[in-house]
Chemist: 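What follows is a single structure, and I will ask about it in a moment.
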Amino acid sequence: MLRAVARHNINLDREERRRILACLLFPPEDGEAALRRFEDAFAAYHGRRFAIGAPSGRLALYAILNALKLPPGAEVAVPAYSFHTLPAVVRQCGLRPVFVPCDTETYAPDPERLPAFLSERTAAVIVEHPFGQAAPADDIERLARKIGAHLIEDPSQSIGADLHGRKAGAFGRAACVSMVHGKNLTAFGGGAVLTDDEDLYAELLRLRLAGPRMPRETVKKALLGGLANWAATSPAGYRLGPFWPFYLWSALDREALDARFEEAPRDVDPSGFGPLSGCQALLAALQLDRLDERNRRRRQNAERIREDLSDTGLRFQREIPGSTGTWNALAVRVQNPPAFQRALMLRGVDTRADYMTVFAFHEEWEKAGRVVYLPSHPGMTDADVRHVIRSVRRVLERGIGV
């Protein structure tokens, strides 16, 4: 029987599922109290003074940029390799994104090349922590301070990672966080802001008080969608549900299958910056309690795959010195992702094509190869990890995709 390994899973234990069902049937009467408990715990986890729950990560970034009251048309340094949300939100705020180079091996902004792209017009620098490890935010923070620019972090892919003992999200003026499906910490949507700045916190609270509460039907839809996603990516659910259609679709047209999961760019609704729902705050708090253990399993799976395939020449994302990663995605570079992914799927191992965008420096990124994510999620068993290692090795031996 072919072993099926999903590209990711939704981390929900029995208690978390029970609490979601309870929320669906009996929404908490005091959602504000649940939200405050999550915010206090989330801030403390990151060593920050304040956290603010929000409806989404992109709204969190939008609110930060507006609360900082940056001059219209000011420049904001954005990683040239990033999720498309970052420059889109910068533009929607009336600011100008300036794309800065990223290291082709770590995928993080390159602090050695960054100064050439900063000037007196630079009002803020955004750092995205890529694929589960912390970017060199300390070096970038020092560069931003030299020119009086704000450092804003996006640690959404790397919640729980740290750099020299400081959590991703604990550097700079503020951090925006997304908690959508597939993140280390998920609330099936929603987001948060982290900051130590009392004035910024007060302004963000003012903006949030002016925003709407999430409609009950929207929250219900998010929770039901999350449960469906959990069921579809659980070991039994994946084999009985998506695996075989994905298997056939991948064999016929892998690029079309990957395109099915692409997220189309869209503007944020500026009036939508309100509170995270009480139900999602309850789930996020439960996830936070389990985060370090789940990240430990992610790291253990990823390190085993990296070590056992170290003799193959496969180009894994290089670790940043001083960073303890969580490997939200185990990124590798190959020349022909569809062929590589198709060959792995025929052996039962699903992968994900790169969902990030290269906005500048295209030639050096093309030369380095394109990115694919191998599974390393905490839902994998030891047998799953061994199967991934064997399958990748067989595909590489045949020279497919590389």
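Predicted model only: the values in this text are computed from it and were never measured. Numbers for residues simply follow the sequence, beginning at 1.
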Chemist: Cation-pi between Arg370 and Trp365: NZ/CZ under 6.0 Å from ring centre and within 45° of the ring axis?
Modeler: no
Chemist: Show your working on side-chain hydrogen bond (donor to acceptor under 3.5 Å, both in side chains) between Asn184 and Arg294 and close with a plain yes or no.
Modeler: CA-CA 8 Å; Asn184 293 358; Arg294 286 169 173 164; over 6 Å; no
Chemist: side-chain contact (heavy atoms from CB on, under 4.5 Å) between Leu227 and Leu21: does it pass, once the steps are laid out?
Modeler: CA-CA 9 Å; Leu227 286 175; Leu21 290 172; 4.0 Å; yes
Chemist: Could you tell me whether Lys221 and Glu217 have a side-chain N and a carboxylate O separated by less than 4.0 Å?
Modeler: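 Result for this pair is no, no salt bridge flagged.
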Chemist: Using ring pair (Phe, Tyr, Trp, His ring centres under 6.0 Å), reason through Tyr373 and Phe261 one step at a time and then give a plain yes or no.
Modeler: CA-CA 14 Å; Tyr373 316 131; Phe261 294 95; over 10 Å; no
Chemist: Which heavy atom of Val125 sits nearest to which heavy atom of Ala149, and what is that distance?
Modeler: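 So the minimum-distance heavy-atom pair works out to CG2-CB, 4.4 Å.
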Chemist: Decide if atom CD of Glu364 counts as having more than 12 heavy atoms of other residues, nucleotides or ligands within a radius under 6.0 Å.
Modeler: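 Above 12, so yes.
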Chemist: Using distance only, find each side-chain donor-acceptor pair of residues 90-102 under 3.5 Å and give its atom names and separation, not counting sequence neighbours.
Modeler:
from, atom 1, to, atom 2, distance (Å)
Gln92, OE1, Val268, N, 3.0
Gln92, NE2, Val268, O, 2.7
Arg96, NH1, Glu75, OE2, 2.6

Chemist: Using side-chain heavy atoms (C-beta onward) and a distance below 4.5 Å, is Pro378 in contact with Asn11?
Modeler: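 Pro378 reaches Asn11 side chain to side chain.
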Chemist: On the 0 to 90° scale, with breaks at 30° and 60°, tag the Tyr107-Phe131 ring pair as parallel, tilted or perpendicular.
Modeler: perpendicular
Chemist: Around atom CD of Gln335, are there more than 12 heavy atoms from other residues, nucleotides or ligands closer than 6.0 Å?
Modeler: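 Enclosed.
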Chemist: Among side-chain atoms of Glu16 and Gln287, is any donor-acceptor pair under 3.5 angstrom?
Modeler: yes
Chemist: Is the backbone of Val372 close enough, under 3.5 Å, to the side chain of Arg333 for a donor and an acceptor to pair up by distance?
Modeler: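 Not a single qualifying donor-acceptor pair exists.
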Chemist: Between Asp258 and Arg254, does a side-chain contact (heavy atoms from CB on, under 4.5 Å) hold up when you go through it step by step?
Modeler: CA-CA 6 Å; Asp258 290 327; Arg254 181 69 210 196; 3.0 Å; yes
Chemist: Assess, by modelled atom type and distance only, whether the side chains of Ser156 and Asp154 contain a donor and an acceptor separated by less than 3.5 Å.
Modeler: yes
Chemist: Please round to the nearest 0.5 Å and tell me the distance separating atom CG of Leu276 and atom CG of Leu282.
Modeler: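 Spacing of CG (Leu276) from CG (Leu282) equals 9.5 Å.
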Chemist: Step by step, would you call Arg37 with Asp40 a salt bridge (Lys or Arg N to Asp or Glu O under 4.0 Å)?
Modeler: CA-CA 5 Å; Arg37 285 194 296 271; Asp40 289 346; over 6 Å; no
Chemist: Applying side-chain contact (heavy atoms from CB on, under 4.5 Å) to Val402 and Leu396, what does each step give before you reach the verdict?
Modeler: CA-CA 7 Å; Val402 295; Leu396 294 176; 3.5 Å; yes
Chemist: Between Asp289 and Tyr45, do the side chains contain an N or O donor and an N or O acceptor separated by less than 3.5 Å?
Modeler: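 No.
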Chemist: Pair up each side-chain donor or acceptor in residues 52-73 with any protein partner under 3.5 Å, not counting sequence neighbours, and list the distances.
Modeler:
from, atom 1, to, atom 2, distance (Å)
Ser56, OG, Leu59, N, 3.1
Arg58, NH2, Glu263, OE2, 2.5
Asn66, ND2, Tyr62, O, 2.9
Lys69, NZ, Glu203, OE2, 3.4

Chemist: Could you check whether any side-chain heavy atom of Ser323 comes within less than 4.5 Å of a side-chain heavy atom of Asp162, counting everything from C-beta outward?
Modeler: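 The answer is no; the side chains never approach within 4.5 Å.
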Chemist: Tell me, with the steps shown, if Arg318 and Asp103 meet salt bridge (Lys or Arg N to Asp or Glu O under 4.0 Å).
Modeler: CA-CA 10 Å; Arg318 182 167 59 81; Asp103 188 298; 3.3 Å; yes
Chemist: Can any side-chain N or O of Arg48 pair as donor or acceptor with the backbone N or O of Phe171 at less than 3.5 Å?
Modeler: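 Side chain of Arg48 to backbone of Phe171: a pair is present.
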Chemist: Using every non-hydrogen atom in the two residues, find where Val78 and Pro87 come nearest and quote the distance to one decimal.
Modeler: CG1-CD, 4.1 Å
Chemist: If you define the side chain from C-beta out and look only at heavy atoms, does anything of Thr312 sit under 4.5 Å from Arg393?
Modeler: yes
Chemist: Please walk me through it: do Leu194 and Phe42 pass side-chain contact (heavy atoms from CB on, under 4.5 Å)?
Modeler: CA-CA 8 Å; Leu194 291 162; Phe42 198 57; 3.7 Å; yes
Chemist: Would Arg260 and Phe246 count as a cation-pi pair here, with the cationic atom under 6.0 angstrom from the ring centre and within 45° of the axis?
Modeler: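 No - Arg260 does not lie over the ring of Phe246 by the 6.0 Å and 45° rule.
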Chemist: Looking only at atom types and distance, does a side-chain atom of His387 sit under 3.5 Å from a main-chain N or O of Arg347, one as donor and one as acceptor?
Modeler: yes
Chemist: Charged N to carboxylate O under 4.0 angstrom, Asp13 versus Arg17?
Modeler: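 Between Arg17 and Asp13 there is no salt bridge, as every charged N stays at least 4.0 Å from the carboxylate O atoms.
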Chemist: Can you find a heavy atom in the side chain of Gln280 that is under 4.5 Å from one in the side chain of Met214?
Modeler: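 They are in contact (side-chain heavy atoms under 4.5 Å apart), so the answer is yes.
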Chemist: What are the two closest heavy atoms between Pro109 and Pro79, and how far apart are they?
Modeler: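 Pro109 and Pro79 have their closest heavy atoms at CG-CG, 3.9 Å.
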Chemist: Examine distances only and state if a side-chain atom of Gln341 and a backbone atom of Asp350 form a donor-acceptor pair shorter than 3.5 Å.
Modeler: no
Chemist: Taking the six-membered ring for Trp, is the centroid-to-centroid distance between Trp244 and Tyr247 below 6.0 Å?
Modeler: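 Centroid separation for Trp244 and Tyr247: below 6.0 Å.
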Chemist: Give the minimum heavy-atom separation between Leu223 and Cys279, together with the two atoms involved.
Modeler: CD1-CB, 3.9 Å
Chemist: Should the heavy atoms of other residues, nucleotides or ligands under 6.0 Å from CZ of Arg296 be counted, would the total exceed 12?
Modeler: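 Buried by this count: over 12 neighbours within 6.0 Å.
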Chemist: So does Arg145 have more than 12 non-hydrogen atoms from other groups sitting under 6.0 Å from CZ?
Modeler: no
Chemist: Does Thr381 reach the main-chain N or O of Asp384 with its side chain, forming a donor-acceptor pair under 3.5 Å?
Modeler: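 Yes: the side chain of Thr381 pairs with the backbone of Asp384.
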Chemist: Kindly compute the distance separating CG (Asn301) from OG (Ser376), expressed to the nearest 0.5 Å.
Modeler: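 Output value for this atom pair is 6.5 Å.
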Chemist: Test His129 against Gln157 for side-chain hydrogen bond (donor to acceptor under 3.5 Å, both in side chains), laying out the working first.
Modeler: CA-CA 7 Å; His129 297 276; Gln157 300 173 3; over 6 Å; no
Chemist: For a quick test of reading the model, state the closest non-hydrogen atom pair linking Leu2 to Phe243 and the distance between them.
Modeler: CD2-CZ, 3.7 Å
Chemist: Under a 4.5 Å cut-off applied to non-hydrogen side-chain atoms, are Val371 and Met356 in contact?
Modeler: no
Chemist: Looking only at heavy atoms, which two atoms of Val177 and Pro155 are closest? And how far apart?
Modeler: CG2-CG, 3.9 Å
Chemist: For Val349, is there any backbone N or O sitting under 3.5 Å from a side-chain donor or acceptor partner on Arg7?
Modeler: no
Chemist: Check whether any side-chain heavy atom of Leu283 lies under 4.5 Å from a side-chain heavy atom of Arg19, and answer yes or no.
Modeler: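 They are not in contact (no side-chain heavy atoms under 4.5 Å apart), so the answer is no.
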Chemist: Look only at the side chain of Thr186 and the backbone of Met179, and say whether a donor-acceptor pair between them is shorter than 3.5 Å.
Modeler: yes
Chemist: Going by heavy atoms in the side chains, are Phe188 and Asn229 under 4.5 Å from each other?
Modeler: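 A side-chain contact is absent here, since even the closest heavy-atom pair is not under 4.5 Å.
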Chemist: Just wondering, more than 12 heavy atoms not from Arg213 lying within 6.0 Å of its CZ?
Modeler: no
Chemist: Any salt bridge linking Arg173 with Glu141? Criterion: basic side-chain nitrogen under 4.0 Å from a carboxylate oxygen.
Modeler: no
Chemist: Can you tell me if Thr326 uses its side chain to pair, donor with acceptor, with the backbone of Asn295 under 3.5 Å?
Modeler: no
Chemist: Give a yes or no answer on whether the side chain of Asn328 reaches the backbone of Gly182 with a donor-acceptor pair at less than 3.5 Å.
Modeler: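 Yes, Asn328 side chain to Gly182 backbone: donor-acceptor pair under 3.5 Å.
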Chemist: Kindly say whether Ala331 contributes a backbone atom to a donor-acceptor pair with the side chain of Gln317 at under 3.5 angstrom?
Modeler: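 Absent.
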Chemist: Heavy-atom distance under 4.5 Å between the side chains of His8 and Thr233, does that happen here?
Modeler: yes
Chemist: So does Arg49 pair up with Glu39, basic N to acidic O under 4.0 Å?
Modeler: no
